[in-house]
Amino acid sequence: MSVKISHYNIVLFGVKTDTYDLYKKFKDNIDLVVTLDNDEIQKYHISGGKKINKLIDKECYESNSYNFSTQECRDFFKNNTFNLGIVYGWQRIIPQYVLDSFKHGIFGFHASPLGLPFGKGRSPLNWSMILDFKQVYNHCFQYNKNPDDGDIYSTTKLDILPWDNISSLRLKSIIDAEKAINNLIKDFNNNQIQLQNQDKSNPESFFPKRKSDDGKIDLTKNTNEIFNLVRGVSKPFPGAFLLNGKVTIWEAYPFSYTLFTENKYKPGDILKILNDNSFLLKTIDGVLLVKDYTCNGVKLIVGNNLNNIK
């Protein structure tokens, strides 16, 4: 029995709401969306993960493996032909046999605060904000078998402003990705895709994967470090927390370095609760204004310390 072969010109890989947003913008160009089945989405607890196939009005392939390691995946990519792949919201290495299936390659995005090959690995936007960088370089690059190692199609410098959080920084990266994808599709259609090697003058380094436990606030850190952690892991990520997750802080800002300096105040003290339920939190070198937070089984009282509440 012969196997029917389908040809797909442009394929979008992704499993997040961001993927769907890009699909809506470029759906006239996209022939196929590669996403995950529901079991895989639940298995990996994907931040922003969604069964986008229910929203897409074109053909979807729901992979039963995030790593494309099953025979079903191998059969799909072996038995069909593909030209150009675009990845957005698929946080796994694409294996070589899938890369080899695409005549003109697969392209994706990676951000780095100093430019690749510095800052390869996981959660680069989060890490860039947490580590207090003032910029991040958003790269569109061609995938190869190694993580974040391919030749560069385009690079855009994005600023990280003092009032940014991870949500606004992700929005900047999406806006840039839309522009890069638009240019990539035009160049592909005109057979004019040009690539540059990564700048090896930068040292290679890798950011580690972030886990929800990494959002624990260390009150021995200074005000700015805590502020950067809060904004770097805010929604849609799990958030920064105290008291083993009983208090999760979503939005906070440095408030003062000159008030509440007396020795009687300790890091973690609740100094004042305001009419809008925001509160002032003592830090090792100042005060943090906590604007948005959730409490689970804890009542905030002035004078209590968020290191010690049971």
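In this text, all values refer to a predicted model and were calculated from it rather than measured experimentally.
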Can you see whether [X] engages [Y] through a side-chain donor-acceptor pair at a distance of less than 3.5 angstrom?
X: Asp199; Y: Ser201; answer: yes
X: Asn138; Y: Ser173; answer: no
X: Asn29; Y: Tyr23; answer: no

Where does the angle between the aromatic ring planes of [X] and [Y] fall among parallel (under 30°), tilted (30 to 60°) and perpendicular (over 60°)?
X: Phe227; Y: Tyr253; answer: tilted
X: Phe77; Y: Phe102; answer: tilted
X: Trp90; Y: Phe68; answer: parallel

Do the charged groups of [X] and [Y] touch, with an N to O distance under 4.0 Å?
X: Arg170; Y: Asp18; answer: yes
X: Lys27; Y: Asp57; answer: yes
X: Asp164; Y: Lys172; answer: yes
X: Lys266; Y: Asp269; answer: no

Distance-only, no hydrogens or angles: does the [X] side chain make a donor-acceptor pair with backbone N or O of [Y] under 3.5 Å?
X: Tyr293; Y: Asn277; result: yes
X: Asn305; Y: Asn307; result: yes
X: Asp31; Y: Ile10; result: yes
X: Glu251; Y: Val290; result: no
X: Tyr66; Y: Gln91; result: yes
X: Thr283; Y: Gly286; result: yes

ring-ring contact (aromatic ring centres under 6.0 Å, His included) with Tyr265: which residues, sequence neighbours excluded? Phe260

Let me confirm one number: the [atom1]-[atom2] distance from [X] to [Y], rounded to the nearest 0.5 Å.
X: Ser63; Y: Arg92; atom1: OG; atom2: CZ; value: 12.0 Å
X: Ser278; Y: Lys291; atom1: OG; atom2: NZ; value: 4.5 Å
X: Asp214; Y: Ser212; atom1: CG; atom2: OG; value: 7.5 Å
X: Asp100; Y: Lys78; atom1: CG; atom2: NZ; value: 13.5 Å
X: Thr35; Y: Ile41; atom1: OG1; atom2: CD1; value: 5.5 Å
X: Ile86; Y: Phe13; atom1: CD1; atom2: CZ; value: 10.5 Å

Give the cluster check for [X] versus [Y]: same hydrophobic cluster or not, with ILVMFWY residues linked at side-chain heavy-atom distances below 4.5 Å.
X: Tyr97; Y: Val87; answer: yes
X: Met129; Y: Trp127; answer: no
X: Ile226; Y: Leu289; answer: no
X: Leu243; Y: Ile273; answer: yes
X: Leu116; Y: Tyr137; answer: no

Counting only pairs under 3.5 Å, give me each side-chain donor-acceptor contact of residues 145-152, with atom names and distances, residues two or more places apart or in other chains.
unit_1	atom_1	unit_2	atom_2	d
Asp148	OD1	His110	ND1	3.4
Asp148	OD2	His110	ND1	3.4
Asp148	OD2	Gly121	N	2.8
Asp149	OD1	Lys120	NZ	3.1
Asp149	OD2	Asn144	ND2	3.2

More than 12 heavy atoms of other groups within 6.0 Å of [X] [atom1]:
X: Phe255; atom1: CZ; answer: no
X: Gln71; atom1: CD; answer: yes
X: Glu204; atom1: CD; answer: yes

Does the side chain of [X] reach to within under 4.5 Å of the side chain of [Y], using non-hydrogen atoms?
X: Val233; Y: Arg210; result: yes
X: Pro95; Y: Asn67; result: no
X: Ile193; Y: Leu195; result: yes
X: Ile166; Y: Leu125; result: yes

Against Asn228, only a single residue in Asn165, Asp132, Asn222, Thr223 fulfils side chain to side chain donor-acceptor pair (under 3.5 Å); can you say which? Asp132

Can I get a per-line list of side-chain donor-acceptor pairs under 3.5 Å for residues 178-189, giving both atom names and the distance, sequence neighbours left out?
unit_1	atom_1	unit_2	atom_2	d
Asn183	ND2	Lys179	O	3.4
Asp187	OD2	Tyr153	OH	2.6
Asn189	ND2	Ile185	O	3.2

Does the gap between the ring centers of [X] and [Y] come in under 6.0 Å?
X: Tyr143; Y: Phe107; answer: no
X: Phe109; Y: Phe141; answer: no
X: Tyr61; Y: Phe76; answer: yes

Evaluate the criterion side-chain contact (heavy atoms from CB on, under 4.5 Å) for residue pair Leu12 and Phe26; output intermediate values, then yes/no. CA-CA 10 Å; Leu12 176 65; Phe26 296 103; over 6 Å; no

